[in-house]
K.L.:
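Got a structure for you, questions after.
Positions are given from 1 along the sequence.
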Amino acid sequence: EKTVYYRGNMRSFSIEKGVVMPLDRANVDTDFIIPKQFLKSIRRSGFGVNLFDEHRYLDRGEPDADNSQRPLNPEFVLNQPRYQGATILLARDNFGCGSSREHAPWALEDYGFRAILAPSYADIFFNNCFKNGLLPIVLDRELIASLFEAVAHTEGYQLEVDLSQQKVVKPDGSSLDFEVDPFRRNCLLNGLDDISLTLEDAAQIEAFETRWRDQAPWFFNSPNPQQST
């Protein structure tokens, strides 16, 4: 019987051009990104409506609640009309600190963000982003500050993130270079999560299973429940 494998479904990343949303505070932790009460589910989707929940809404969010009926906080940046549909998040130092919940990049990606620009990130969050199709870009603190100023002064400010060329292109055509580890870059460009990457060797895995079945058939035989011991 042929083994059926789960296929990863991470979105590939090549070029993303979109509105930039600024989150002007340092040390944004993962509980800020997705509060702890939403961590009960591991289905990886559906978390976008609860992104930044404690600041986005005026009441306390609960899993499986009807978020369409909840009162929005008009002061929070995510709810401001000029940033609707944003796909690029601009942040400050140490973004994604705190607990190591993978739900944080799940929520950001599910909402629609594809890239983050910040001076620094918490290590585990940084790694989790690459595993979930989200591109975290490190830029100098001065460059990040200049982008915050540009976003504040220009409604609908957009950037183009080109992973292949490793450039962030500004509206005037000038660009900012960034670096991504070659292995991670390849995985994002081709939409390869850990499972998809492993399954590139599916033929070798299946060959090993066939040999193992031949060499140790007793290992695969189900015991006869009616057989006496």
K.L.:
Looking at CZ of R92 and CG of L23, how far apart are the two atoms once the value is rounded to the nearest 0.5 Å?
P.N.:
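The CG atom of L23 is 10.0 Å from CZ of R92, to the nearest 0.5 Å.
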
K.L.:
For S68 and D66, work out which heavy atoms get closest and say how close.
P.N.:
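For S68 versus D66, the nearest heavy atoms are OG-OD1, 2.5 Å.
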
K.L.:
With a 6.0 Å cut-off (strictly less than), is the heavy-atom count around CD of E179, excluding the residue itself, greater than 12?
P.N.:
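Atom CD in E179 is not crowded, with 12 or fewer foreign heavy atoms closer than 6.0 Å.
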
K.L.:
Grab the two heavy atoms, one from I34 and one from N50, that are nearest each other, plus how far apart they are.
P.N.:
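For I34 and N50, the tightest heavy-atom pair comes out as CD1-O, 3.5 Å.
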
K.L.:
Honestly curious: do V151 and V19 fall in one hydrophobic cluster under the side-chain, below-4.5 Å linking rule?
P.N.:
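Shared cluster, no.
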
K.L.:
Could you check if a side-chain atom of R101 sits within less than 4.5 angstrom of a side-chain atom of I33, using non-hydrogen atoms only?
P.N.:
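In short, these two side chains do not touch, never coming nearer than 4.5 Å.
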
K.L.:
Could you tell me whether a side-chain N or O of D110 sits under 3.5 Å from a main-chain N or O of G48, the two making a donor and an acceptor?
P.N.:
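Yes, because the side chain of D110 sits within donor-acceptor range (under 3.5 Å) of the backbone of G48.
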
K.L.:
Which pair of non-hydrogen atoms, one from P119 and one from V138, has the smallest distance, and what is that distance?
P.N.:
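Where P119 meets V138 most closely, the heavy atoms are O-CG1, 3.3 Å.
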
K.L.:
Under a 3.5 Å distance rule, please check whether D140 uses its side chain to pair with a backbone N or O of E142 as donor and acceptor.
P.N.:
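Here the side-chain-to-backbone pair does not exist.
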
K.L.:
Hey, is the main chain of V180 close enough, under 3.5 Å, to the side chain of Q166 for a donor-acceptor pair?
P.N.:
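Yes; at least one donor-acceptor contact below 3.5 Å.
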
K.L.:
Find out whether L90 and Y157 are in side-chain contact, i.e. whether some heavy atom of one side chain is under 4.5 Å from a heavy atom of the other.
P.N.:
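Heavy-atom side-chain distance check fails, nothing below 4.5 Å.
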
K.L.:
Name all pairs fulfilling the ring pair (Phe, Tyr, Trp, His ring centres under 6.0 Å) condition that reach into residues 11-51, sequence neighbours left out, sorted by first residue then second.
P.N.:
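Pairs touching residues 11-51 that pass the test: F32-F52, F32-H55, F47-H103, F47-W106.
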
K.L.:
Is it the case that over 12 heavy atoms from other parts of the model lie below 6.0 angstrom from the CZ atom of R82?
P.N.:
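Count over threshold, so yes.
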
K.L.:
Is there a donor-acceptor pair closer than 3.5 Å between any side-chain N or O of N79 and the backbone N or O of N73?
P.N.:
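Yes: the side chain of N79 pairs with the backbone of N73.
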
K.L.:
Where do I88 and G18 come nearest, in terms of heavy atoms and distance?
P.N.:
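Closest approach of I88 to G18, heavy atoms only: CD1-O, 3.9 Å.
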
K.L.:
Could you give the distance from CG (L163) to CG (L189), rounded to the nearest 0.5 Å?
P.N.:
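L163 CG to L189 CG: 4.0 Å, rounded to 0.5 Å.
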
K.L.:
Is the shortest side-chain heavy-atom distance between C97 and D29 below 4.5 Å?
P.N.:
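C97 reaches D29 side chain to side chain.
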
K.L.:
Judged by atom type as modelled, is there a donor-acceptor pair below 3.5 Å linking the side chain of R56 to the main-chain atoms of V49?
P.N.:
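Confirmed, R56 side chain pairs with V49 backbone.
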
K.L.:
Test of understanding: clusters of I, L, V, M, F, W, Y form through side-chain heavy atoms closer than 4.5 Å, transitively. Do V28 and F148 belong to the same one?
P.N.:
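V28 and F148: one cluster.
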
K.L.:
To the nearest 0.5 Å, what is the distance between CG (D123) and OG (S100)?
P.N.:
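That separation rounds to 12.0 Å.
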
K.L.:
Is any side-chain heavy atom of L135 closer than 4.5 Å to one of F130?
P.N.:
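Answer yes - side chains close enough.
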
K.L.:
Is K131 salt-bridged to E102, cutoff N-O under 4.0 Å?
P.N.:
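No, no charged N to carboxylate O under 4.0 Å.
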
K.L.:
Taking R185 for the side chain and S164 for the main chain, is one N or O donor matched with an acceptor at less than 3.5 Å?
P.N.:
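Checked: pair present.
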
K.L.:
Honestly curious: do V169 and F113 fall in one hydrophobic cluster under the side-chain, below-4.5 Å linking rule?
P.N.:
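No; tracing contacts between hydrophobic side chains, which count when under 4.5 Å, never links both residues.
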
K.L.:
Counting only N and O atoms by type, is there a donor-acceptor contact under 3.5 Å from the side chain of N190 to the main-chain atoms of L192?
P.N.:
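No: the side chain of N190 does not pair with the backbone of L192.
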
K.L.:
Same hydrophobic cluster for I124 and F95, using side-chain heavy-atom links shorter than 4.5 Å among ILVMFWY?
P.N.:
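No, because I124 and F95 fall into different hydrophobic clusters, even though each may have its own neighbours under 4.5 Å.
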
K.L.:
Quick one: do V168 and L143 end up in the same hydrophobic cluster if we chain Ile, Leu, Val, Met, Phe, Trp and Tyr together by side-chain heavy atoms under 4.5 Å apart?
P.N.:
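Shared cluster, yes.
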
K.L.:
Are the side chains of L176 and L159 in contact, using a 4.5 Å heavy-atom criterion?
P.N.:
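No. Closest side-chain heavy atoms not under 4.5 Å.
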
K.L.:
Return the CD to CZ distance between E54 and R60, rounded to the nearest 0.5 Å.
P.N.:
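Between E54 CD and R60 CZ, I get 7.0 Å after rounding to 0.5 Å.
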
K.L.:
Could you tell me if the side chain of M10 sits less than 4.5 Å from the side chain of N132, heavy atoms only?
P.N.:
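Side chain of N132 against side chain of M10, heavy atoms only: no contact under 4.5 Å found.
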
K.L.:
How long is the straight-line distance from CG of L89 back to CD1 of I116, given to the nearest 0.5 Å?
P.N.:
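Separation between the atoms: 5.5 Å.
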
K.L.:
Do E109 and P105 have side chains that approach each other closer than 4.5 Å (heavy atoms only, starting at C-beta)?
P.N.:
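Contact flag for E109/P105 side chains = no.
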
K.L.:
Which heavy atom of F125 sits nearest a heavy atom of G96, and at what distance?
P.N.:
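For F125 versus G96, the nearest heavy atoms are CB-O, 3.3 Å.
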
K.L.:
At their closest point, which heavy atom of F178 faces which heavy atom of K167, and how far apart are they?
P.N.:
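Smallest interatomic distance, heavy atoms only, reads CE2-N, 3.2 Å.
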
K.L.:
Which of these passes side-chain hydrogen bond (donor to acceptor under 3.5 Å, both in side chains) with T87: R114, K17, Q158, E16?
P.N.:
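Only one option passes, and that is E16.
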
K.L.:
How far apart are the C-alpha atoms of L139 and L147, what are their side-chain angles, what is the distance that settles it, and do they pass the side-chain contact (heavy atoms from CB on, under 4.5 Å) test?
P.N.:
CA-CA 10 Å; L139 293 175; L147 289 174; 4.2 Å; yes

K.L.:
To the nearest 0.5 Å, tell me how far N67 CG sits from E62 CD.
P.N.:
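Separation between the atoms: 10.5 Å.
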
K.L.:
Flag yes if more than 12 heavy atoms outside D64 fall under 6.0 Å of its CG atom; otherwise flag no.
P.N.:
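No, the 6.0 Å shell around CG holds no more than 12 heavy atoms from other groups.
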
